Amino acid sequence: MPRRVLHDRFFKQAKAEGYLARSAYKLIEIDDRKRLLRKGDRVLDLGCAPGSWLQVAGERVGPSGAVIGIDLQAVTHPMPAHIRHAVMDAFTADPGVLTGEAGGMFDVVLSDMAPNTTGAGDHFRSYHLCRRVIELLPGLLRIGGNLAMKVFEGEKYPELLRHVGRRFREVKGFKPRACRDVSSEIYVIGHGYTGEPVSAGPGGQTTS
Ligand SMILES: C[S@@+](CC[C@H](N)C(=O)[O-])C[C@H]1O[C@@H](n2cnc3c(N)ncnc32)[C@H](O)[C@@H]1O
């Protein structure tokens, strides 16, 4: 089994370039390759601490945009005025409060949320976090908006792709190079939110 290298090149690069965590390079690569963020966008960052995705998203949307982050942990690093954050649990977060803070529905929802890893059941807890993100989308994301969401790969991954696929014009899994070799994490990228799928009605199968 490969040894986990703690101070790898991304860690060193993050320190040199002033990012709060090496995960900054995951979002940089995701956005360079998948084109999620635009100048002036409103972005929600779920699981934002310590704050490197806030930094990257803040740079990409610029001061005419807004980045709102929530996490169970506080972000302690000072941020520019268009980046705001709060200690909040995604399971109790109120979409109306978040869109109110941003001044409207979000153009992009990011989730780098991860459960505390215990070695057992991590995939299921990660899947559960992703289902919560999907549940929140109707109150958060504008039609046509984009999503990038982390999940630990496992048996529910194909089901997750199907759930996202029903709500976006296009869905793909993407593993940035900054993901550690030993990590099972992958990002589900959705382009073009279409809203909640319409159910088949009484007696029919719902498509959610
Ligand atoms: C990998 S870290 C995020 C790193 C961040 N993207 C960055 O670049 O600085 C995952 C975060 O998810 C948060 N998290 C886990 N469960 C959460 C929940 N239910 N609500 C909000 N945040 C959660 C954790 O507290 C943790 O800070």
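Everything numeric here is computed off the predicted structure, so don't read it as measured data. Note that ligands are numbered from 1 as they come in the structure, with each ligand's atoms numbered from 1 the same way. Atom set for the values below is all heavy atoms of this structure, side chains included, hydrogens, waters and symmetry mates excluded.
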[atom] - nearest protein heavy atom and its distance:
atom: atom 19 (N) of ligand 1; result: Asp89 OD1, 2.9 Å
atom: atom 15 (C) of ligand 1; result: Ala114 O, 3.2 Å
atom: atom 1 (C) of ligand 1; result: Lys150 NZ, 3.5 Å
atom: atom 16 (N) of ligand 1; result: Leu72 CD1, 3.6 Å
atom: atom 6 (N) of ligand 1; result: Asp112 OD2, 2.7 Å
atom: atom 25 (O) of ligand 1; result: Asp71 OD1, 2.6 Å

How does [X] reach ligand 1, if at all, at less than 4.0 Å between non-hydrogen atoms: by side chain, backbone, both, or neither?
X: Met88; answer: backbone
X: Pro115; answer: neither
X: Ser52; answer: both

Quick check on contacts: which atoms of ligand 1 are under 4.0 angstrom from a heavy atom of [X]?
X: Gln73; result: 25 (O)
X: Ser23; result: 7 (C), 8 (O)
X: Phe91; result: 19 (N)

Report the relative orientation of the aromatic rings in Phe168 and Tyr193; use parallel for angles under 30°, tilted for 30 to 60°, perpendicular for over 60°.
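Rings of Phe168 and Tyr193: tilted, 30 to 60°.
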Is it the case that atom CG in Asp89 sees more than 12 heavy atoms from other parts of the structure closer than 6.0 Å?
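Yes.
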Tell me, yes or no, whether the heavy-atom count around Arg38 atom CZ, taken from other residues, nucleotides or ligands under 6.0 Å, exceeds 12.
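Counting other residues, nucleotides and ligands, CZ of Arg38 stays at 12 neighbours or fewer.
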Output the distance between atom CG (Asp112) and atom CG (Leu46), rounded to the nearest 0.5 Å.
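That separation rounds to 10.0 Å.
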Straight-line distance of Asp45 CG to Leu54 CG, nearest 0.5 Å
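Here the rounded value is 4.5 Å.
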Are Leu36 and Ile28 co-members of a hydrophobic cluster defined by side-chain heavy atoms under 4.5 Å apart?
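Result: yes, single cluster for both.
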Passes salt bridge (charged side-chain N to carboxylate O under 4.0 Å, His left out), Arg60 versus Asp31? Steps please.
CA-CA 9 Å; Arg60 301 228 161 177; Asp31 191 45; 3.0 Å; yes
Which one of Ala14, Ala21, Ala74, Ala49 has a non-hydrogen atom at the shortest distance from atom 5 (C) of ligand 1?
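Considering heavy atoms of Ala14, Ala21, Ala74, Ala49, the nearest to atom 5 (C) of ligand 1 sits in Ala49.
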One thing to verify: whether Lys175 and Glu153 come together as a salt bridge, which I'm taking to mean a side-chain N less than 4.0 angstrom from a carboxylate O.
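No salt bridge links Glu153 with Lys175.
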Check this for me: does any side-chain nitrogen of one of Asp8 and Arg22 sit under 4.0 Å from a carboxylate oxygen of the other?
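Yes, Asp8 and Arg22 are salt-bridged.
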Does [X] reach ligand 1 with a nitrogen or oxygen that is under 3.5 Å from one of the ligand's nitrogen or oxygen atoms?
X: Asp45; value: no
X: Gly51; value: yes
X: Ala90; value: yes

Regarding Arg125 and Thr118, is there a side-chain donor-to-acceptor distance under 3.5 Å anywhere?
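Yes, a side-chain donor-acceptor pair sits under 3.5 Å.
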Go through it in stages, so that I can follow the logic: the residues are His128 and Phe91, the test is ring pair (Phe, Tyr, Trp, His ring centres under 6.0 Å), and I'd like the CA-CA distance, side-chain angles, deciding distance and then a yes or no.
CA-CA 10 Å; His128 190 48; Phe91 285 101; 5.1 Å; yes
Tell me, please: is Lys26 in heavy-atom contact with ligand 1, that is, under 4.0 Å?
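Heavy atoms of Lys26 never come under 4.0 Å of ligand 1.
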